[in-house]
Protein chains: 2
Amino acid sequence: MKIRNMEQFAAASGISRPTVSKYFNDPESVRKSTRERIEAALEKFDYRPNFYAMNQNRRLTKNIGVVVANLADPFFAEISRNIEQLIVEAGFRPILVSSHGSPEEEADALDSLRSIKPAGVLLGPLGRTSDSEAVRAFCNDVPTVLFDSDIEGAGEAFVGSDNDQSIGLIVDYLCRTGEPPAFFEMDQPPNPNAFKRRNAYLAAMDRLGHAPNLVQVPGEGWDFEEIGFREGTRLMSENALPTNTVLCSNDRLAIGFLSAAYELGKKVGLGSDCVLRVAGHDDHPFSRYTCPSLTTVAQDYRAIADTATRKILNIIETGEREEGRKTHLFDGKLVMRGSA
Amino acid sequence: MKIRNMEQFAAASGISRPTVSKYFNDPESVRKSTRERIEAALEKFDYRPNFYAMNQNRRLTKNIGVVVANLADPFFAEISRNIEQLIVEAGFRPILVSSHGSPEEEADALDSLRSIKPAGVLLGPLGRTSDSEAVRAFCNDVPTVLFDSDIEGAGEAFVGSDNDQSIGLIVDYLCRTGEPPAFFEMDQPPNPNAFKRRNAYLAAMDRLGHAPNLVQVPGEGWDFEEIGFREGTRLMSENALPTNTVLCSNDRLAIGFLSAAYELGKKVGLGSDCVLRVAGHDDHPFSRYTCPSLTTVAQDYRAIADTATRKILNIIETGEREEGRKTHLFDGKLVMRGSA
DNA sequence: GATTTTCTTTTACGCCCGTAAAGATTTGAA
DNA sequence: TTCAAATCTTTACGGGCGTAAAAGAAAATC
C-alpha cells in the first residue's frame, strides 16, 4: 500500500493526524510510546510529509538560509560546509546561496529567500559593496546573523575574526624575525576586513615603533590571485618594494604574489639565499601548497561557523531578537611555514 | 496598502486571480496588454506569490536541484556557478546541494530533494563511491542529467569531458617535446574519470609506440593535494620516478606534486636547469598560480554546464524522457604553461 | 460587420497540512 | 485510590494557490 498523505499515514500508524503532525514538527514533543509507534510505521511505509503543505501554514519554517559572498572562494566553501552540517544536526534545513561577488545577486538572493520564509538567515555579506540598505531592511524582517564581513547595524549579531589580534600577531612575528613588513593590499578592496586589517597593521607598526609602509595597488573585485600576481610582478620588476618583507592583506593575494616572485626568480623564504619574505592572512586551504608554503594567520573557521549557527538557532528557538547587537571576534593562530 | 495574497493582488491590478496565477506560471502565456497591467501593478505593490502554496498543487515545480560531489573543490564551485546562472535565466530556481565527498550525504541529498519535487536534477555524482542503486532509483522518479562523473545507466544523459581526447592531447604534446610521461595517480581514486584517464593514457602511449609507466600511489578520498604532496615527496626522495616527465591524473594532485618538488629543490619546467616536467588535467582555477604555472588540459566548463542545463530544461519543457541515454563529451584544450 | 479564435472572468473545488478548542484518555505522583 | 497534569483524539477551519469548466469578452480573420 502506498501512503499518499499524512491522513493515511496517521491511520496506518494508529495515531491521530494532529499528533503525527506534532511529531514531524518536533519528535520530542510527543510521548515516548507514541513516538515509537510512529517510528515503527515510518519504517514500514517510508512516508514523508509534503514539504510545501508543511511549510505553508507554519508560523516558522524549519529552513535556515545561508548566504555567502562567493562560493568559489574556498574560505566560504569551507565555512558554509561547517555551517550546513551544524544546521542539519539541529534538525533544520540549510538553503545555501552564493552572491557570486555581485551586490545585485546578493540583494536578489535575500529577496528570494524571503519568499521561503526562513526561520533565520546566516549571512556572510559582500561587505563594502553590499546594498547595505537592502540588507538592513531584510534583517528587520528576518532574524539574521552576520559573519565574516560586518555591515553596521545589520542583523542580530556579528561573528568574525579579530583582525587587530591576528594582524598584530603576524606583524609581531615578522618584526621579531626580520625586517618589519610592508602591507600589500588593493586600493579598492571589496571586503571591509581589508580596512580593519590595514588599520590593525598601522596600529601594530606604531606600537612596535616602526614606520608603516602601505603598498596599495590598483585593484577591485574578487580576482585576488590575479591582482596579487599582476601587481606583484609590476612592483618587483620595478624594484618598487619598500622592504624585503611583505604582509599581504589575505592569502589569495599572497598566492598571486608568490607566483609572481617565482616567475621573476626572486627566492622567497627564510634561507640565506632568499631575498624576500611573504606572509598572508586566513590560512586558505591552498596556502599549504604554495611555493614556498605560505606563512599566515589561521582564521578559526570552526569557531566562527559554530558560534554563528548557535546564535541563530538560539534566536529561533527562544523567539527573542536579542537586544543590543553583539559582536563575537575570534583570535587567529599563527601558522608558520616556509615563506616568512 | 499591503498585499497579502494573490487574491488581493489580482484585485489591485484589475485582473482575475486565475489569470494572475497563469502569469506567474509563465508570463508569456497571457496577452501582452494583460501582462503589462500585471507588471505595472507589480511595480506598485511588490507582491510575490507564496512559494509554498504555489508549489503545493503544481504538477511540476519550477525548482531544479543541482547536486555536486564537493563544493569545496573549485571545479565544482565553478561549474555550479555556471549552471545556477543558466537555470535562473530560464526562469527556474536552482537548489544547490553538496555531497561533501560522502556517499551517505549524496543519498541524503537526493532523498531530501525528492520531497521538494524538483522538475529536474543536475547531478555531478561522487562516481565510484556513489550508492549507484540509490542514484538509479532516484533517476527513475525524477528526470536527471549527470555531469562530470558517469554512473552507468543512471539519468537521461551524461555530459562530461572526453578523456580519451584530452589525455591523448597532452600525452602527444609531452612526447613530442621531451621524454614520454609517466602517469601519476591514486590507487583508489574516488572518481571514475580517473579510470578513463588511465586507460586513455595507456592507449595514447601505445599508439605512439612508447612503453607506459603507471605510478599508482596509495591514496583514497578527496584530499588530492595532500596525496600529491605526500606521495610526490616520497617518490622523489627515493628517486623512484621512472621518467623525468609526470602527467598527473588531475590538477589537484599536480598542485601537491609541484609543491613537493619545490620543497625538495627539484626544479620543474622546461629550462635547461630543470630536472622534471609536470602536467595536470582540468585547468583548475588555481593552476595558473602554481610554481611554475601548471601545463594542463582545460575542461570546457562552460560547454558542460551549458549542455547539461539545456538538456534538463528540454526534458522538463517537452515532458519527454528521451529514449536512449545519450552521452555528450567535450574536447579539452591544451593549456601550455611553465611546468611542461 | 460577422465569425472564428484566443484570451479572460467567474465559480468552484481540492491540495496537504498547521492549528485551535474541547473533550477523552493516559500518566504519574500524592 | 484519587486527582491533576500531560497527552491524545475529534472536529473543524483556513491558508494560498493550482486547476478545471463554463460563460463571457476581446482580438484576429475574413
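Order of the sequence lines fixes the chain letters, A, B, ..., with proteins taken first and strands second; residue numbering starts at 1 for each chain. Computed from a prediction, not measured in an experiment: that's the story for all the values here.
If you check distances only, the side chain of B/Gln56 does reach the base of C/dC16 with a donor-acceptor pair under 3.5 Å.
Comparing C/dC17, D/dT7, C/dC7 against the side chain of A/Thr34 picks out D/dT7 as the nearest.
When the side-chain nitrogen and oxygen atoms of B/Ser16 are compared with OP1 and OP2 of C/dT9, one or more of them lie within a distance under 4.0 Å. Under 4.0 angstrom from either OP1 or OP2 of D/dC17 there lies no side-chain N or O belonging to B/Ser21. A sub-4.0 Å separation between OP1 or OP2 of D/dT7 and a side-chain N or O of A/Arg31 is absent.
A/Phe9 comes within 4.0 angstrom of nothing in the nucleic acid, heavy atoms only. Contact annotation for B/Pro18: base contact, defined as any heavy-atom pair under 4.0 Å involving a base atom. Looking at heavy-atom distances under 4.0 Å, B/Asn55 makes no contact with the nucleic acid at all.
Looking at which nucleotide of DNA chain D each of A/Arg17 and B/Asn5 is closest to, the 5′-most match is held by A/Arg17. Between A/Ser33 and A/Lys22, the residue anchored closer to the 5' end of DNA chain C is A/Lys22, taking for each the nucleotide with the nearest heavy atom.
We find that CG of A/Asn57 is positioned 8 Å from C1' of D/dG16, with the value rounded to whole Å. As rounded to whole Å, 19 Å separates atom P of D/dG15 from atom CG of A/Asn50. One atom, CE of B/Met6, and another, P of D/dG15, lie 15 Å apart when rounded to the nearest Å. Look at CG on A/Asn25: it is 15 Å from C1' on C/dA20, rounded to the nearest Å. A/Tyr23 places its OH atom 19 Å from the C1' atom of D/dT9, with the value rounded to the nearest Å. Atom OH of A/Tyr47 is separated from atom C1' of C/dC16 by 8 Å (rounded to the nearest Å). In this structure, A/Arg37 atom CZ and C/dT26 atom C1' are separated by 12 Å, rounded to whole Å. Rounded to a whole Å, the CD atom of B/Glu28 is 12 Å from the P atom of C/dT8.
Cation-pi contact between A/Arg58 and B/Tyr52: absent, since separation from the ring centre below 6.0 Å together with deviation from the ring axis within 45° is not met.
The aromatic rings of A/Phe24 and A/Phe9 lie tilted to each other, with the angle between the two planes from 30° to 60°.
Atom CD of B/Glu89 sits in a crowded spot, with more than 12 heavy atoms from other residues, nucleotides or ligands closer than 6.0 Å.
Looking at heavy atoms from C-beta onward, A/Asp111 lies in side-chain contact with B/Arg48 at the 4.5 angstrom threshold.
Ionic pairing of B/Glu84 and B/Arg81 is not present here: no N-O contact between side-chain nitrogen and carboxylate oxygen is shorter than 4.0 angstrom.
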